[in-house]
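Single-structure report; data block below.
Quantities reported herein were computed from a predicted structural model and do not represent experimental measurements. If you read the sequence from its start, that first residue is 1, and numbering goes on from there.
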Amino acid sequence: MRQSNIGWLFLTPATLILFVVGFVPFIYILYVGFFDWNTNAVDPTLRWAGLQNYRSLVFDTTFLNSLARTLVFAFFVVVSELLLGYVLARALMADRLWGRQFFRTIHTLPIVVAPIAVGATWRLLCVPGFGIVPYYLKLWFGIDYNISTNAYHAFVTAIIMDLWHWTPFVTLSLMAGLTALPKEPLEQAQIDGGNKLQIFWYVIVPMLKPVLLTTVFIRLMDALRSVDEIWMLTKGGPAEATRFIGLHIWINVFPKTDYGYGAAMSLLTLYVTIVLSWLLFVAMTGRKGGAQ
């Protein structure tokens, strides 16, 4: 009993911090979402709106398009980073790779760069008339690359930028998981005559599932809330080609100061994120809730 009390005593500071920075803001956003509150409006006070903000979201094509665009973006980056991360993890774990430690260090560097600096760097690389990317694409392939006017170029560049920034995180996670795998099942599968594809699918993937699940969850949630990188790269343009849901909420909450509507969008996006995570959990583990 005494040990239990001591444990709760040590957990109390962390619990209080989580309550203040996590639960209290959530309750406040939930409260604001039921009001019409715009500090730049003629009447800047809070006015009760009930469920009107949520009803408006159902018919808001800009919001729905941003949400759909974000889901497409998240699907491409998460799947691509998972595939690239696994290939790079196996390559960096190979004993015959010369300078393995050096390449591991170089490969990890993008993780420590702040997202806003990543966006600014890629903007400088891709800006027409100055960046090296449009220059060499024109010189070598005759492509008029322009992220300021071409929606396809801007969207693809946003995906490549995210791959460059976050694939090292996936690589490190998978390297840790692969290193911790027991050798006996792999050796037994080789003795039984399994080829590389069979060993990968029936032995490695099942044992690596907890690591895969955690990595996909982290990257999915990060991809759904991309803001600062995209803002620095394209500011959501051209038109609305790269206005993902996080950036769309930010534009409504800060420049437009539409706090009530922004709170409703935030809560609906949180709900979509939770549903997607739950579906992914069920698909990867075959479990629903706490059932085995």
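For Asn252 against Tyr261, the heavy-atom pair with the smallest separation is OD1-CD2, 4.3 Å. Across Ile199 and Ala189, no two heavy atoms sit closer than the pair CG1-CB, 3.9 Å. For the pair Val58 and Leu64, the tightest heavy-atom approach, listed with the atom from each and the gap, is O-CD1, 3.3 Å. Nearest heavy atom pair, residue Ala154 against residue Ile147, reads CB-O, 3.6 Å. A pairwise comparison of heavy atoms in Ser277 and Leu220 identifies OG-CD2, 4.4 Å as the closest pair. The nearest pair of heavy atoms linking Asp36 to Ala49 is N-CB, 3.8 Å.
Of the possible polar contacts, one joining the Ser226 side chain to the Ala223 backbone as a donor-acceptor pair under 3.5 Å is found. The closest donor-acceptor contact from the side chain of Trp37 to the backbone of Pro44 lies under 3.5 Å. Side-chain atoms of Arg243 never come within 3.5 Å of backbone atoms of Gly236 as a donor-acceptor pair (strictly under, hydrogens ignored). Distance alone, capped at 3.5 Å, places no donor-acceptor pair between the Arg69 side chain and the Thr242 backbone. Under the 3.5 Å distance criterion, the side-chain polar atoms of Thr167 are left unmatched by any main-chain donor or acceptor of Gly85. Side chain of Thr105 to main chain of Gln101: a donor-acceptor pair is present (N/O by atom type, distance under 3.5 Å, no hydrogens or angles). At distances below 3.5 Å, at least one donor-acceptor pair connects side-chain atoms of Asn53 with backbone N or O atoms of Gly33. His248 places no side-chain N or O within 3.5 Å of a backbone atom of Thr62 that could act as its donor or acceptor partner. Listed for the Glu81 side chain is no donor-acceptor partner under 3.5 Å among the backbone atoms of Val78.
Here CZ of Arg90 is found 9.0 Å from CZ of Phe200. Values are rounded to the nearest 0.5 Å. In this structure, the separation between CG on Leu247 and CG on Asp228 is 9.5 Å, given to the nearest 0.5 Å. Of the inter-residue distances, the one linking Met265 atom CE with Phe63 atom CZ reads 7.0 Å to the nearest 0.5 angstrom. Taking CG of Leu270 as the reference point, atom CD1 of Ile29 lies at 10.5 Å (rounded to 0.5 Å). Atoms CG and CG, from Asn38 and Asp43 in turn, are 10.5 Å apart once rounded to the nearest 0.5 Å. Atom-to-atom distance recorded for Ile204:CD1 and Leu197:CG is 10.5 Å, nearest 0.5 angstrom.
Separation of the Phe76 and Phe155 ring centroids does not fall under the 6.0 Å cut-off.
Using a 4.5 Å heavy-atom threshold, the side chains of Asn40 and Asp258 count as separate. Side-chain contact between Leu84 and Thr171 is absent, with no heavy atoms from C-beta onward closer than 4.5 Å. Using a 4.5 Å heavy-atom threshold, the side chains of Ser148 and Pro238 count as separate. Between Val253 and Tyr259 there is a side-chain heavy-atom pair separated by less than 4.5 Å. You'll find the side chain of Leu18 stays beyond 4.5 Å of the side chain of Phe23, heavy atoms only. Under the 4.5 Å side-chain criterion, counting only non-hydrogen atoms from C-beta, Ser66 is not in contact with Glu240. Annotation: side chain of Thr15 is not in contact with side chain of Phe10 (no heavy-atom distance under 4.5 Å).
A continuous path of Ile, Leu, Val, Met, Phe, Trp and Tyr side chains, each step under 4.5 Å between heavy atoms, connects Leu30 with Leu51, placing both in one hydrophobic cluster. Connection of Phe26 to Val24 is established within a shared hydrophobic cluster, with ILVMFWY side chains joined at heavy-atom distances below 4.5 Å, either directly or through further cluster members. Linking ILVMFWY residues whenever their side-chain heavy atoms come closer than 4.5 Å, directly or via other members, places Phe244 and Val156 in the same cluster. Hydrophobic clustering of Ile, Leu, Val, Met, Phe, Trp and Tyr side chains at less than 4.5 Å, counting indirect connections, unites Ile160 with Val170.
Within a 6.0 Å sphere centred on CH2 of Trp164, heavy atoms belonging to other residues, nucleotides or ligands number more than 12.
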Q: Could you give me the CA-CA distance, side-chain angles and deciding distance for Thr157 and Tyr145, then say whether side chain to side chain donor-acceptor pair (under 3.5 Å) is met?
A: CA-CA 10 Å; Thr157 304; Tyr145 175 84; 2.4 Å; yes
Q: Before giving the answer on salt bridge (charged side-chain N to carboxylate O under 4.0 Å, His left out), spell out for Asp162 and Arg219 the whole-Å C-alpha distance, their side-chain angles and the decisive distance to 0.1 Å.
A: CA-CA 10 Å; Asp162 197 90; Arg219 285 304 307 131; 2.7 Å; yes
Q: Go through the steps to decide whether Ile218 and Trp166 satisfy the test side chain to side chain contact (heavy atoms under 4.5 Å, CB included), and finish with yes or no.
A: CA-CA 11 Å; Ile218 293 174; Trp166 292 114; over 6 Å; no
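Within the structure, side-chain hydrogen bond (donor to acceptor under 3.5 Å, both in side chains) contacts touching residues 263-274 (residues at least two apart or in different chains) do not occur.
Residues meeting the side chain to side chain contact (heavy atoms under 4.5 Å, CB included) test with Thr149, sequence neighbours left out: Asn146. Here Arg225 pairs with Asp222 under the side chain to side chain donor-acceptor pair (under 3.5 Å) rule; sequence neighbours left out. Looking at residues two or more places apart in sequence or on another chain, you find a side chain to side chain contact (heavy atoms under 4.5 Å, CB included) between Leu124 and Phe130.
Taking the six-membered ring where tryptophan is involved, the planes of Trp48 and Phe34 are essentially parallel, since the angle between them stays under 30° and well short of 60°.
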Below 3.5 Å, can you tabulate the donor-acceptor pairs from side chains in residues 133-142 to any protein atom, sequence neighbours excluded?
from, atom 1, to, atom 2, distance (Å)
Lys138, NZ, Asp144, OD1, 2.8

Listing, residues 172-188 side-chain donor-acceptor contacts under 3.5 Å, not counting sequence neighbours, or none:
from, atom 1, to, atom 2, distance (Å)
Ser173, OG, Phe169, O, 3.0
Thr179, OG1, Met175, O, 2.6
Gln188, NE2, Asp192, OD1, 3.2

